Amino acid sequence: MKNPKEFNIDKFYEKYRSGPKIFKKRDALEPSFIPDELPHRDAQIQKVAELTACTLLGDTPPSLLCYGPTGTGKTATIRYVSQKLEQQCTEDKPWWIYINCSVVSTPYRILAHIYNRISGSEKIPPTGLPKDIIFKKLLGILDQKVQSICFLVLDEIDMLTEKKKGTEILYDLTRLNENLDYCKTSVIGISNKLKFKDYLDPRVLSSLGQEHIVYPSYNADELRDILNERAKIAFHEGVIKDDVIPLCAALAAKEHGDARKALQLLRKAGELAARAQNKSVTHKHIDDAQNDLEEDHIVEYIKGLPLQAQVVLTAIFLISKFSPDHIITSGDIYGIYSELTQKIPGVRRLTERRISDYINELDLAGIILTNLKSMGHYGRTKFIKLDIDLELLENIFMEIDKFQNVLNYKPVLLQLDKVKIKNNIFKKLI
DNA sequence: TATCCACAGGAAATCAGGGTGT
DNA sequence: ACACCCTGATTTCCTGTGGATA
């Protein structure tokens with residue numbers, strides 16, 4: 001606000017209230033919203049329904065794996081079927097326990113999470129007890145309180161296989177039934193990675209991989225149907241201009257057909273329109289929304305990074321800022337990172353090995369680009385380039401107190417003749 | 001053609017910090 | 001107080017490697 005005196009907050013609210021209304025029910029665009037219809041997922045719904053129907057007769061359904069990229073309706077179909085199934089059950093309703101393995105990521109916590117969900121009150125402490133004790137406690141409570149089927153829905157199950165301990169817990173979960181008398185469990189795994197199965201222990205695969213359902217990405221037409229459906233619920237009539245939804249669908253289809261992203265885009269566009277007090281959501285709002293979302297994502301990610309990773313990124317930033325044509329290698333980054341640890345209070349200097357992992361993480365997140373190259377006698381290293389806007393990055397760092405005094409620090413390493421000469425050789429070699 | 005640079009990145013060990021029951 | 005548990009971050013130790021140069 002350049003001139004605060006011009007802003008009258010009471011008038012603003014008044015105007016806001018009497019202004020155009022965009023949203024009727026914004027929640028309908030949230031990922032957690034389960035609509036009455038799930039377009040283009042009939043085949044998957046049918047299969048889940050068929051496999052779980054035996055619950056109605058008191059039988060134990062087989063374990064099940066759902067594969068598909070993000071935003072293809074995996075979790076939604078499971079929740080959808082679970083609601084319908086619940087309506088059909090007259091007595092002994094099945095339990096559904098959802099676990100997001102990227103949040104609840106360790107064996108201990110998964111067992112504790114299930115236990116706490118069922119018990120409702122008696123909590124298992126977040127740490128401290130041996131795992132096998134928890135396992136026995138869990139068996140006890142399952143038999144005691146859950147006299148029917150208990151579905152364990154493991155969302156993002158692929159996160160577990162990244163650590164070897166993860167597969168252990170999957171094995172434990174799949175053989176829960178062997179130790180249960182009254183209750184029966186059924187594991188439903190949801191994975192984003194198609195090759196997730198390859199990492200599984202054969203013992204786990206034999207029980208977990210009995211049935212699987214594949215979720216293909218949505219194409220632009222399908223996304224349009226989904227968006228239309230939701231837009232009807234979420235927005236007031238006539239708010240959405242005709243070309244908006246096809247555009248939104250086309251953009252999301254280009255990005256791997258992710259419905260979650262498409263909905264997010266539509267919601268953001270709606271928010272922008274509402275904030276600007278426009279009567280409708282137009283083409284332009286979608287464009288703006290897309291830029292905003294990308295930037296929001298980057299800002300949020302960088303601010304949420306551990307301090308050490310931020311320092312690594314600062315090193316890359318400083319090189320890009322002061323020597324834009326310098327070809328950055330892992331070694332350069334570590335050198336400047338080391339300088340920075342001296343300048344920023346409270347930052348311990350970590351080993352090269354660890355920094356190498358942080359560089360990989362930044363690469364994975366799309367903040368930087370890396371390229372492994374071999375330069376013969378000059379060794380084999382990664383060439384690194386910043387992949388986001390330099391100014392944006394500077395603005396983000398300016399909001400972090402600890403970095404204030406290093407944003408204009410010119411790294412010593414960049415001025416060393418040794419480094420300069422070598423970099424010139426690199427430039428010729430490329 | 002052997003050599004050797006400057007790392008990459010896997011595996012296991014270690015540490016600190018949160019906890020437990022006895 | 002003590003022995004022990006689980007987790008996440010990091011260190012230690014290690015083997016592997018592509019290709020310009022001697």
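This is a predicted model, so every value here is computed, not measured. Sequence lines set the chain letters: A, B, ... in the order given, protein chains first and strands last, and positions in each chain run from 1.
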### Lys/Arg N to Asp/Glu carboxylate O, A/D221 vs A/R224, below 4.0 Å
yes
### Task
Give A/K131 one of three labels, base, sugar-phosphate or nothing, depending on what nucleic acid heavy atoms sit under 4.0 Å from its own.
sugar-phosphate
### Query
Pick the nucleotide of DNA chain C nearest each of A/G128 and A/S105; which residue has the one closer to the 5' end?
A/G128
### Message
Taking 4.0 Å as the cut-off, does a side-chain nitrogen or oxygen of A/S374 come that near to OP1 or OP2 on B/dA8?
### Response
no
### Distance in angstrom units between A/L111 CG and B/dG19 P, rounded
20 Å
#### Entry: Distance, rounded to the nearest Å, where A/L413 contributes CG and B/dA6 contributes P
13 Å
### Message
Just N and O in the side chain of A/K382: are any of them under 4.0 Å from OP1 or OP2 of B/dG9?
### Response
yes
### Message
In the structure I gave you, are the side-chain heavy atoms of A/S330 and A/I384 within less than 4.5 Å of one another anywhere?
### Response
yes
## Note on the structure
When rounded to whole Å, the CZ to P distance for the pair A/F426 and B/dA6 reads 8 Å
### Summary
Whole-Å distance, A/L429 CG to C/dG18 P, equals 18 Å
### Task
Just call it for A/N360: base, sugar-phosphate, or nothing, with non-hydrogen atoms closer than 4.0 Å on any strand.
sugar-phosphate
### Task
Identify the heavy atoms of A/Y337 and A/V312 that sit nearest to each other, and give their distance.
CD1-CG2, 4.0 Å
### Task
Please state whether the rings of A/W96 and A/Y98 are parallel, tilted or perpendicular, taking 30° and 60° as the class boundaries.
parallel
#### Entry: Candidate nucleotides B/dA8, C/dA20, B/dG9, ranked by approach to the side chain of A/R353 - the nearest
B/dG9
### Task
Classify the side chain of A/T127 and the base of B/dG19 as holding, or not holding, a donor-acceptor pair under 3.5 Å.
no
### Message
Side chain of A/R354, heavy atoms from C-beta onward: which of C/dT11, C/dC6, B/dC7 has the nearest atom to it?
### Response
C/dT11
### Query
What is the nucleic acid contact for A/L372, judged by heavy atoms within less than 4.0 Å: base, sugar-phosphate only, or nothing?
sugar-phosphate
### Task
State which of B/dA8, C/dT7, C/dC5 makes the closest approach to the side chain of A/P130.
C/dC5
### Query
According to a strict under-4.0 Å criterion, is A/R109 in side-chain N/O contact with OP1 or OP2 of C/dG8?
yes
### Query
Among the nucleotides C/dT11, B/dA6, C/dA20, which one has an atom lying closest to any side-chain atom of A/K422?
B/dA6
### Query
Starting at OH of A/Y334 and ending at C1' of B/dC7, how long is that distance when rounded to a whole Å?
13 Å
### Task
Compare the minimum distances between each of B/dC7, C/dG8, C/dA20 and the side chain of A/Y378, then state the nucleotide with the smallest one.
C/dA20
#### Entry: Reported CG-to-CG distance for the pair A/N179 and A/D143, which is rounded to 0.5 angstrom
9.5 Å
### Task
Please tell me which of the listed nucleotides, C/dT11, C/dT7, B/dA8, lies nearest to the side chain of A/S330?
B/dA8
### Query
Of all the choices, B/dG9, B/dC7, C/dA20, which nucleotide is nearest to the side chain of A/E352 once you look at every atom?
B/dC7
### Task
Check every atom of C/dG8, C/dT12, B/dT20 against the side chain of A/T351 and return the nucleotide holding the closest atom.
C/dT12
### Message
Please classify the nucleic acid contact of A/F383 as base, sugar-phosphate, or nothing, using heavy-atom distances under 4.0 Å.
### Response
nothing
### Task
Rounded to the nearest angstrom, tell me the gap between atom CD in A/E361 and atom C1' in C/dG8.
12 Å
### Message
Any base atoms under 4.0 Å from A/P107, or only sugar-phosphate, or nothing? Heavy atoms, all strands.
### Response
sugar-phosphate
### Message
If I take atom CG in residue A/D332 and atom C1' in nucleotide B/dA6, what distance separates them, rounded to the nearest angstrom?
### Response
11 Å
### Task
May I have the step-by-step check of side chain to side chain contact (heavy atoms under 4.5 Å, CB included) for A/I302 and A/I388, ending in yes or no?
CA-CA 11 Å; A/I302 294 178; A/I388 59 171; 3.8 Å; yes
### Task
Write down the distance between CD1 (A/I328) and P (B/dC7), rounded to a whole number of angstrom.
13 Å
